[in-house]
Amino acid sequence: MIHHYDSVDSTMRIAAELPIGDVVVAGEQTAGQGRHGRSWHSQKGDGLYCSIVLPPTPLLTLALGLAVAEAIAVPCDLRWPNDVMINGLKVAGILVHLIEGKAVSGIGVNLNHTEFPPALEATSLKLQTGHDTRPADLLDRLLPAVESYAPLPPDDILRLFTRASSYAAGRRVTVDLPEGRIEGTTIGLNPDGYLIVRKPDGTDTLILAGGVRAARS
Ligand code: BTN
């Protein structure tokens with residue numbers, strides 16, 4: 001069932017109470033949540049703000065990035081684990097909360113913004129293509145894409161993600177870790193979908209969470 005709201009604090013809060021298969025979509029969010037405790041700019045008409053209640057399948061966050069990439073139908077890159085980027089700027093973000101045997105999967109896509117503060121390093125489909133997108137139209141493409149990518153076997157998700165993401169292998173990156181910043185080159189994903197970064201001294205670090213950025217050359 002799809003639950004539509006004009007305005008909510010966060011679709012994540014509402015979806016957390018719903019069964020697997022339900023979707024919450026809001027015209028605006030007054031307290032949109034981003035990853036790592038950040039907020040997600042969620043002004044009316046500017047974006048798609050939805051949370052989909054899914055079974056917790058392996059590599060789900062990577063699969064959701066693939067689904068968003070397919071739904072927006074604009075050439076894009078996937079910054080591990082799940083930022084959708086166009087021309088080096090973030091156009092969509094994904095936030096998965098595992099709650100009581102459910103994967104509450106929040107997806108925010110910047111659609112019709114005409115500007116962003118440069119510090120945000122963000123973009124919208126409108127800024128990239130010149131066209132407006134109705135949130136409902138994107139949701140119509142997103143839901144079938146999620147249905148087809150989320151249940152794929154892990155090996156398929158790893159292969160598709162590696163093909164779709166310039167970050168998966170051979171990219172110089174900086175990574176902010178709790179114990180400090182490291183720099184290195186990505187050399188692939190392990191079977192659990194974690195990113196392996198090889199440092200200049202030849203040692204490898206497994207990156208378990210985000211904080212990955214392209215290194216300045
Ligand atoms: C990120 O930081 O990249 C993740 C952003 C996720 C934003 C979406 S918008 C719909 C859903 N509801 C929220 O409060 N957050 C997610």
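As the structure lists them, so they are numbered: ligands from 1, and atoms in each ligand from 1.
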Work out whether the distance between some heavy atom of Q29 and some atom of ligand 1 is less than 4.0 Å.
yes
Under a 4.0 Å N-O cut-off, is there an ion pair linking D46 with K126?
no
Any idea which atoms of ligand 1 are less than 4.0 Å away from a heavy-atom of Q33?
5 (C), 6 (C), 7 (C), 13 (C), 14 (O), 15 (N), 16 (C)
Are V23 and L138 linked, directly or through other ILVMFWY residues, by side chains that come within less than 4.5 angstrom of each other?
yes
Does S51 approach ligand 1 within less than 4.0 angstrom via side chain, backbone, both or neither, non-hydrogen atoms only?
side chain
In ligand 1, the atoms that come under 4.0 Å of a heavy atom of I94 are 3 (O), 4 (C)
R35 heavy atoms within 4.0 Å reach ligand 1 at atoms 1 (C), 2 (O), 4 (C)
State the OG1-CG distance between T123 and N110, to the nearest 0.5 angstrom.
7.5 Å
Looking at E183 and K199, is there a salt bridge between them, counting it only when a charged N and a carboxylate O are closer than 4.0 Å?
no
Steps toward side chain to side chain donor-acceptor pair (under 3.5 Å) verdict (R35, N82)
CA-CA 11 Å; R35 297 215 328 271; N82 50 22; 2.9 Å; yes
For K90 and ligand 1, answer yes if some heavy atom of the residue is under 4.0 Å from a ligand atom, otherwise no.
yes
Could you list which atoms of ligand 1 come closer than 4.0 Å to a heavy atom of T11?
10 (C), 11 (C), 12 (N)
